[in-house]
There are 2 protein chains.
Amino acid sequence: MVKSFSAMLISQFSKATGLSLDTIRFYVRKGLLNPGRNGKGGTNPYQVFGAQDVTAARMIRLQQSLGYSLREIAALGAEYRAGEDSPARTAAVLRAQMAKLEERRSELESALDFLGRKLAWVEAGQPKDAPSWENFIC
Amino acid sequence: MVKSFSAMLISQFSKATGLSLDTIRFYVRKGLLNPGRNGKGGTNPYQVFGAQDVTAARMIRLQQSLGYSLREIAALGAEYRAGEDSPARTAAVLRAQMAKLEERRSELESALDFLGRKLAWVEAGQPKDAPSWENFIC
DNA sequence: CTTGACCATTGACTAAAGTCCACGGTTATA
DNA sequence: TATAACCGTGGACTTTAGTCAATGGTCAAG
């Protein structure tokens with residue numbers, strides 16, 4: 001669990017991820033990110049972010065775009081970290097993620113198909129024998 | 001613009017779409033759905049929804065899952081309806097939609113690829129020569 | 001040692017997307 | 001015509017995901 005590599009302060013991390021300072025602090029409060037602390041004079045006042053936090057930020061964005069709430073994302077991250085030393089658990093979490101993505105992709109493809117058929121129909125001058133839109137289920 | 005086919009009242013429409021009564025009314029207020037009105041005794045107190053409203057509801061769900069706000073969805077719907085009698089405009093809107101979907105799908109695929117590589121790496125016992133996560137941009 | 005840049009914490013505030021509730025009107029059924 | 005089941009409207013309320021502002025601590029440069 002080496003965290004010292006590629007360490008940065010919050011403003012650097014902000015630039016690296018595109019998240020605002022406030023959003024980062026908000027995510028830390030919610031447990032979505034857990035940076036280290038590293039002070040010089042005995043105290044440790046500053047948050048220190050590493051490369052793994054950048055990856056985490058990307059994952060958060062991804063999950064969010066899949067419709068997960070931050071609460072759910074935090075839970076998933078916790079589950080992931082809980083089984084971090086158990087490859088089986090890690091793999092299970094990853095596979096669940098991938099299943100969600102696959103499902104999402106097939107939804108997208110069905111929607112694409114729907115729009116494609118509709119476009120073809122429009123371009124054909126909207127003939128009477130319209131394709132059935134009804135199998136468009138999203 | 002026949003709207004009488006497959007007409008239903010709001011509770012039927014709710015069952016047909018899975019949207020709650022309140023959500024439907026909310027969408028109507030926002031201009032996302034525009035049902036007809038059909039009363040018996042001179043007045044027209046009740047909203048009447050048709051098959052095209054069911055399709056609209058599906059589209060709303062789809063757009064929403066793509067990250068659009070209701071305001072944006074309403075605008076897109078208005079644009080679509082504005083050029084309803086112009087196949088060229090309709091086709092343009094449809095094509096823009098499809099482009100968005102394609103973009104989204106390629107994002108999904110890149111994420112799937114990322115997770116797939118990570119899964120393989122975990123299952124291989126997390127060897128030193130980790131694949132580069134860095135080309136995972138979402 | 002002071003100054004400017006950076007950082008943390010707290011709490012108030014906001015917009016979006018609903019949800020809930022109370023009230024009153026409408027319609028089908030008995 | 002009474003009554004239950006439905007419908008509409010208005011407004012208050014809630015959750016989520018941040019954003020903003022005030023206050024005060026930390027650190028490097030001069």
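Throughout, protein chains are lettered first and strands after them, A, B, ... in sequence-line order, and every chain is numbered starting at 1. Computed from heavy atoms alone, side chains included, the values below leave out hydrogens, waters and symmetry copies.
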Inset, instruction - Would you kindly give the NZ-to-C1' distance between A/Lys15 and C/dA5, to the nearest whole Å? - result: 11 Å
Inset, instruction - Report yes if the side chains of A/Glu102 and B/Leu108 come closer than 4.5 Å at any heavy-atom pair, otherwise no. - result: no
Legend entry - Rounded distance (nearest 0.5 Å) linking atom CD of A/Gln63 with atom CD of A/Gln97: 4.0 Å
Legend entry - Phosphate-side-chain proximity, B/Ser11 and D/dC7, N/O vs OP1/OP2 below 4.0 Å: yes
Inset, instruction - Please check if any side-chain donor atom of A/Arg61 sits under 3.5 Å from a side-chain acceptor atom of A/Thr17, or the reverse. - result: no
Legend entry - Nucleotide D/dA28, atom P - distance to CG of A/Leu9 in whole Å: 10 Å
Inset, instruction - Would you indicate, yes or no, if C/dC7 has its OP1 or OP2 atom less than 4.0 angstrom from a side-chain nitrogen or oxygen of A/Gln12? - result: no
Inset, instruction - Measure from OH on A/Tyr46 to P on C/dA5 and round the result to the nearest Å. - result: 14 Å
Inset, instruction - With side-chain contact (heavy atoms from CB on, under 4.5 Å) as the test, would you mind laying out the steps for A/Leu33 and A/Gln47 before giving the verdict? - result: CA-CA 11 Å; A/Leu33 296 171; A/Gln47 300 175 107; over 6 Å; no
Inset, instruction - Answer yes or no: is there a donor N or O on one side and an acceptor on the other, between the side chain of B/Arg37 and the main chain of B/Pro45, under 3.5 Å? - result: yes
Legend entry - Any residue of residues 17-29 of chain A with a heavy atom less than 4.0 Å from an atom of DNA chain D: A/Ser20, A/Asp22, A/Thr23, A/Phe26, A/Tyr27
Legend entry - Nearest-angstrom distance from the residue atom CZ of A/Arg61 to P of D/dA17: 13 Å
Inset, instruction - Whole angstrom is fine here: how far is it from CD1 in B/Ile10 over to P in C/dT27? - result: 16 Å
Inset, instruction - Looking only at side-chain atoms of A/Pro45, point me to the closest of C/dG18, D/dC7, D/dC27. - result: D/dC27
Inset, instruction - Would you mind reading off the distance between A/Leu32 atom CG and D/dG18 atom P, rounded to a whole angstrom? - result: 9 Å
Legend entry - Spacing of A/Arg71 atom CZ relative to D/dT16 atom C1', expressed in whole Å: 9 Å
Legend entry - CD1-OH distance between B/Ile73 and B/Tyr80, expressed to the nearest 0.5 angstrom: 15.5 Å
Legend entry - B/Arg81 CZ to B/Arg89 CZ distance, which is reported to the nearest 0.5 Å: 12.5 Å
Inset, instruction - For the helix from C/dC1-D/dG30 to C/dA30-D/dT1, measure the angle between the helix axis at one end and the axis at the other, each built from five pairs, rounding to 10°. - result: 0°
Legend entry - Whole-Å distance separating the CG atom of B/Leu70 from the C1' atom of C/dT19: 14 Å
Inset, instruction - Would you indicate whether the side-chain heavy atoms of A/Phe26 and A/Leu70 approach each other to under 4.5 Å? - result: yes
Inset, instruction - Could you tell me whether the phosphate oxygens of D/dG8, OP1 or OP2, come under 4.0 Å of any side-chain nitrogen or oxygen in B/Gln47? - result: yes
Please list every donor-acceptor pair under 3.5 Å in which a side-chain atom of residues 7-15 of chain B meets a protein atom from a residue at least two apart or in another chain.
residue: B/Ser14; atom: OG; partner: B/Leu19; partner atom: O; Å: 2.7

